[in-house]
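Just so we're on the same page: letters track the sequence lines, and every chain starts at 1.
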Number of protein chains: 2
Amino acid sequence: MNIYDIAERAGVSIATVSRVLNGSPNVSTKTKAKVLGVIEEAGYTPNVFARGLGLNTMKMIGVLCTDVADIFYAKAVSVIENALRQYGYDSLLCSTGKNIEDKQKYIDLLLAKRVDALILIGSIFKEETDNSHIEKAAAKVPTVIINGLIDVPNTYCVTCDEYQAMYDQVIHLNKKGCHDILYLYDVESYSGLQKLNGFKDALKHCGFGVNPKLIAKVDKDMSQIEATVIELLDADIHFSAIIASEDQLAIGAMHALQKKGLRIPEDIPVIGFNNSLLCECAMPKLSSVDNMVETLCNTAVNVLTDVFDGKTVTNKMTLSAKLVERDTFKL
Amino acid sequence: MNIYDIAERAGVSIATVSRVLNGSPNVSTKTKAKVLGVIEEAGYTPNVFARGLGLNTMKMIGVLCTDVADIFYAKAVSVIENALRQYGYDSLLCSTGKNIEDKQKYIDLLLAKRVDALILIGSIFKEETDNSHIEKAAAKVPTVIINGLIDVPNTYCVTCDEYQAMYDQVIHLNKKGCHDILYLYDVESYSGLQKLNGFKDALKHCGFGVNPKLIAKVDKDMSQIEATVIELLDADIHFSAIIASEDQLAIGAMHALQKKGLRIPEDIPVIGFNNSLLCECAMPKLSSVDNMVETLCNTAVNVLTDVFDGKTVTNKMTLSAKLVERDTFKL
DNA sequence: TTGAAAGCGCTACCAT
DNA sequence: ATGGTAGCGCTTTCAA
């Protein structure tokens, strides 16, 4: 069933059918109704490939992250996919893993599928050289980066000010008398580095040195996190609070504290990051910095549609985060 | 840059370029090298729309679930997307929400995009009439359903035997002397119903009646779950164990127990379901039934590729689940 | 308001 | 082994 069949049945030309299909005003109400009737009756759906061939778009956006199984990315993907759909775009999903070559490969794959744009969620890039895959992508289609900052044409960055957020939490803890803060993190993504720097700078600002022993890089693995913290405790390395760059790390740390009979927050307050479902699952419930995934992602999609609409758009937008107080730390 | 440009630059016909592109054996090594060189140099990528138009496929699979933000679906989507990519297929993601009309709408949307197949993860359908959207879909493309069972042509169901798994847990608890078991669940999906029935049947098998007060339907909301369990406790409705159809519900219940000063598992053992990340986050760590998402999803993709390859495939496959023992319950 | 026809860039069949 | 060419089903311009 194609446009020719419809045209024939409706007794008009394919041009007219096409006009009806695309809502052109230059069709008489009568023919329009007639054509619509035939379409309905035949259960006809235009062939998107043919349309794509002519228009050079299939209204699809490539959405990339390291792994959708991750609770944070999952939420982001969910919001993005929904927002895009409102604008009539579908999401071509791609979990790239952390390997940079794979990322490049998958970006190429999506570009080969002729997506209209790319949305990268939390792309990892420590060094400038790592960003070539983004430059290549942006050379072909508008590319928006969520929680990443890069200065490349045709690239739009929507970030959360995690540096400031982390900075603020250290200040808060300091005011409560916590000077020795254990910092837990896992990845050195843009976002990861922002947080780490926020932590360090705040300490300096408070006049305290940065104790490297109190900055622990861990894998996102519960038992490993627990082990790491217990090791520190056993080694009598003193700290009076914990901040983690991710809720999961914070919870791992909480387990360690609890095993050692330390009370949270009385003995050691704990602050997580991302304000994920895990916060509510922890016991006591985890206070966490909300980095605004939802707003971030909706903004990203808005930016993109603005770009499509030819509007002038800022290349960089930053939202501020805020602490959600629960039981492990209160202001 | 199209196939004509390449042909011209390489001094061959477009037919030859096409052959090279599609790995036809009927090309001399020499011309092949020449063409490949030109392609490489020009950075040419075939237009998938044109190809799709001729072949009537763009190697895309529609992947649907109620919401990717859900930790279980996120994992499933992740596995599926990866598996599909191995076979050269991309995933067109769609979070449908629970509304049946929306599902139908989104399925139509994906079908309009001419996806090669549909994978539905945990589609909800209580009554037979609710399945029309699946029938319609299967009439057009092969449809595989993960954790759902339906008898429709061109439909392939891959399920986990959650009925049996739930049944078994009740038996286990009974052997430990727990006869009054509180059952917590949230949705009445196929999967949800399987579990509920497994629970009820096991109780009957043990010679105990099903106490409706000990079967609580709750929202997936921590405070609501806590409140529900605390209410039961306060009303002196006795139970000596808890089983939940989802880890999150189990954790909510644990919070309630802990608030009431009950020890887990000494006073009340707790068993969750899905063996998600949440299990490790709980304190004590949650024993949970692993419903094999990974295997389930990989199997689903295998089934699909077998269908594509014209192999004869079973319409129904069932995997068995197994309890992962942690701290809240041990055999 | 409507129709005719020229692409869009590929694949595959038929020749050679 | 290679080339010519007819579709694939649509959009869009140009004429009427």
Side-chain angles (χ1 to χ4, degrees), chain A residues 1-39 42-60 88 90 109 111-116 140-141 308, chain B residues 1-39 42-60 88 90 109 111-116 140-141 308:
Chain A
M1 182 65 55
N2 59 31
I3 202 171
Y4 290 91
D5 298 321
I6 302 297
E8 196 178 331
R9 295 196 194 186
V12 298
S13 73
I14 63 161
T16 301
V17 178
S18 179
R19 287 191 191 97
V20 172
L21 247 19
N22 295 290
S24 157
N26 302 322
V27 188
S28 73
T29 328
K30 199 175 163 185
T31 15
K32 185 171 181 177
K34 171 95 191 174
V35 172
L36 249 19
V38 174
I39 288 178
Y44 163 75
T45 319
N47 185 312
V48 282
F49 302 147
R51 176 176 265 166
L53 182 55
L55 265 32
N56 202 34
T57 164
M58 256 183 69
K59 292 245 194 189
M60 297 191 307
D90 276 290
L109 240 53
L111 290 176
K113 280 264 152 105
R114 296 287 208 271
V115 292
D116 296 303
K140 299 206 171 188
V141 295
F308 288 149
Chain B
M1 182 64 56
N2 59 31
I3 202 171
Y4 290 92
D5 298 321
I6 302 298
E8 195 178 331
R9 295 196 194 186
V12 297
S13 73
I14 63 160
T16 299
V17 177
S18 178
R19 285 191 194 97
V20 172
L21 247 21
N22 296 289
S24 158
N26 301 321
V27 189
S28 73
T29 329
K30 200 175 162 185
T31 21
K32 185 170 179 177
K34 171 95 191 173
V35 172
L36 248 19
V38 174
I39 288 177
Y44 163 75
T45 318
N47 185 311
V48 282
F49 303 146
R51 177 176 265 165
L53 182 53
L55 265 32
N56 203 33
T57 165
M58 256 183 69
K59 291 241 186 194
M60 299 190 310
D90 277 290
L109 241 52
L111 289 176
K113 280 264 151 103
R114 295 287 208 271
V115 292
D116 297 302
K140 299 206 173 188
V141 295
F308 287 149

Worksheet item: At what distance, to the nearest 0.5 angstrom, does OG1 of B/T45 lie from CE of B/M1?
Response: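 Output value for this atom pair is 10.0 Å.
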Worksheet item: How many angstroms lie between atom CD of A/E8 and atom CD1 of A/I3, to the nearest 0.5 angstrom?
Response: 13.0 Å
Discussion item. Do the side chains of B/K59 and B/D90 get close enough for a salt bridge, i.e. N-O under 4.0 angstrom?
Written reply: no
On the nucleotide [N], are OP1 or OP2 found under 4.0 Å from the side-chain N or O atoms that [X] carries?
X     : N      : answer
A/S28 : C/dT2  : yes
A/N47 : D/dC8  : no
B/S18 : C/dT11 : yes
B/N26 : D/dA1  : yes

Worksheet item: How would you label the contact of B/V12 with the nucleic acid (heavy atoms, under 4.0 Å): base, sugar-phosphate, or nothing?
Response: sugar-phosphate
Discussion item. Please determine whether any donor N or O and acceptor N or O are separated by less than 3.5 Å between the side chain of A/Y4 and the base of D/dC8.
Written reply: no
To the nearest Å, give me how far apart [atom1] ([X]) and [atom2] ([N]) are.
X      : N      : atom1 : atom2 : value
B/Y44  : C/dC10 : OH    : C1'   : 7 Å
B/R19  : C/dC14 : CZ    : P     : 13 Å
A/I14  : D/dT12 : CD1   : P     : 12 Å
A/L55  : C/dG7  : CG    : P     : 17 Å
B/M1   : C/dC8  : CE    : C1'   : 16 Å
A/I3   : D/dC10 : CD1   : C1'   : 6 Å
B/K113 : D/dG9  : NZ    : C1'   : 17 Å
A/N56  : C/dC10 : CG    : P     : 11 Å

Considering only side-chain heavy atoms of [X], which listed nucleotide, [options], is closest?
X     : options              : value
B/L53 : C/dT11, C/dA4, C/dG9 : C/dG9
A/V27 : C/dT2, D/dG3, C/dC10 : C/dT2
A/T31 : C/dT11, D/dG3, C/dT2 : C/dT2

Worksheet item: More 5' along DNA chain D: B/T16 or A/N2, using each one's nearest nucleotide?
Response: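 Between the two, 5'-proximity favours B/T16.
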Discussion item. Heavy-atom nearest nucleotide on DNA chain D for B/A15 versus B/R114: which residue maps closer to 5'?
Written reply: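 Per heavy-atom nearest nucleotide, the more 5' residue is B/A15.
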Worksheet item: Sub-3.5 Å donor-acceptor pair from the side chain of B/N22 to the main-chain atoms of B/S24, do we have one?
Response: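 No.
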Worksheet, complete the sentence: Given the options B/D5, B/V38, B/I6, B/Y44 meets side chain to side chain contact (heavy atoms under 4.5 Å, CB included) only with B/I6
